[in-house]
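What you see below is based on every heavy atom in this structure, not just the backbone, and it leaves out hydrogens, waters and symmetry mates. Please read all numbers here as calculations on a predicted model, not as lab measurements. Chain naming here is simple, since letters A, B, ... match the order of the sequence lines and numbering starts at 1 in each.
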Amino acid sequence: MRRLAQQFYAQPVVEVARGLIGCVVEYGQVSGVIVETEAYHDSEPACHAFVGLTARTATLFGPPGRAYVYRSYGIHALLNAVAEPEGVGAGVLIRALEPVDGIDIMRARRGLELVEELCSGPGKLTQALGVELTCNGADLTSGPLSIRARPRAWQQASILAGPRIGITKAVELPWRFWAAGSRFVSR
DNA sequence: CATGGGATTGACT
DNA sequence: GTCAATCCCATGC
């Protein structure tokens with residue numbers, strides 16, 4: 001399965017968020033199918049890029065198809081895919097995966113057995129993948145951290161939309177997407 | 001230079 | 001249901 005090309009990420013961020021459902025994130029020996037995403041855009045206050053170009057948001061304003069990784073609550077690394085053309089601050093938060101390869105490695109990193117709990121949240125999946133802040137700015141179209149196009153089995157998947165989770169601003173936008181019926185989405 | 005607020009999680013009442 | 005852990009970074013003095 002081919003990697004997603006830079007032109008895919010250059011689309012409007014909501015289209016990228018919807019289009020990433022069913023695609024496969026891979027890093028080293030582990031991989032998983034994306035089953036939940038959220039879109040963020042510099043025009044709305046929930047997005048880090050709302051404050052403009054700073055050291056923190058430089059990745060979001062940079063070229064599409066890169067990883068934006070930041071630390072949340074001092075504990076978790078959260079993984080995003082940078083979207084829209086360079087100069088626009090937008091990204092898609094990867095919120096949950098269905099584990100595919102390296103499940104035992106994920107279990108060891110997470111200290112858990114249950115497959116449904118390995119990647120069912122944005123902080124959980126980075127721990128399971130081994131993604132840390134050093135991945136910030138990594139090129140998803142050519143580096144060791146990659147996102148591949150939907151496998152055939154996922155091309156018919158039905159996708160639902162609703163409000164984003166865990167934010168205090170712009171709560172009303174239906175910019176969260178998930179695979180209908182998946183047991184692997186966050187609670 | 002000091003301060004305060006998170007795109008969360010897991011443990012506990 | 002509540003709450004603490006913990007650190008990066010934007011902001012303000």
Does [X] put a side-chain nitrogen or oxygen below 4.0 Å from OP1 or OP2 of [N]?
| X | N | value |
| --- | --- | --- |
| A:Thr54 | C:dA10 | yes |
| A:Lys169 | B:dA7 | no |
| A:Arg110 | B:dG10 | yes |
| A:Arg95 | B:dT8 | yes |

**Prompt:** Nearest of B:dA7, C:dT11, C:dA5 to any side-chain atom of A:Ile75?
**Reply:** C:dA5

**Message:** As a test of reading the structure: which of B:dT9, C:dT11, C:dC8 is closest to the side chain of A:His76, going by heavy atoms?
**Reply:** B:dT9

**Request:** Identify, between A:Tyr73 and A:Thr57, the residue whose nearest nucleotide on DNA chain C lies closer to the 5' end.
**Result:** A:Tyr73

**Prompt:** A:Ser72 or A:Ala55: which one's nearest nucleotide on DNA chain C is closer to the 5' end?
**Reply:** A:Ser72

**Value in whole Å for how far the C1' atom of B:dT8 lies from NZ of A:Lys124** = 10 Å

**Asked** Roughly how many Å is it from CZ in A:Arg71 to C1' in B:dG6, rounded to a whole number?
**Response** 14 Å

**Request:** For the residue pair A:Phe61 and A:Asp42, establish whether any side-chain heavy-atom pair is separated by less than 4.5 Å.
**Result:** yes

**Prompt:** How many angstroms lie between NE2 in A:His76 and CD in A:Gln127, if you round to the nearest 0.5 Å?
**Reply:** 8.5 Å

**Request:** Determine whether the side chains of A:Glu36 and A:Ser186 contain a donor N or O and an acceptor N or O closer than 3.5 Å.
**Result:** yes

**Prompt:** Could you go step by step and tell me if A:Val131 and A:Val25 meet the side chain to side chain contact (heavy atoms under 4.5 Å, CB included) rule?
**Reply:** CA-CA 11 Å; A:Val131 166; A:Val25 180; over 6 Å; no

**Message:** Base, sugar-phosphate or nothing for A:Ile167? Non-hydrogen atoms, less than 4.0 Å.
**Reply:** sugar-phosphate

**Request:** Using a 4.0 Å heavy-atom cut-off across all strands, classify A:Leu78 as base, sugar-phosphate, or nothing.
**Result:** sugar-phosphate

**Message:** If you assign A:Gly74 and A:Leu112 each to the DNA chain B nucleotide with the nearest heavy atom, which residue ends up on the more 5' nucleotide?
**Reply:** A:Gly74

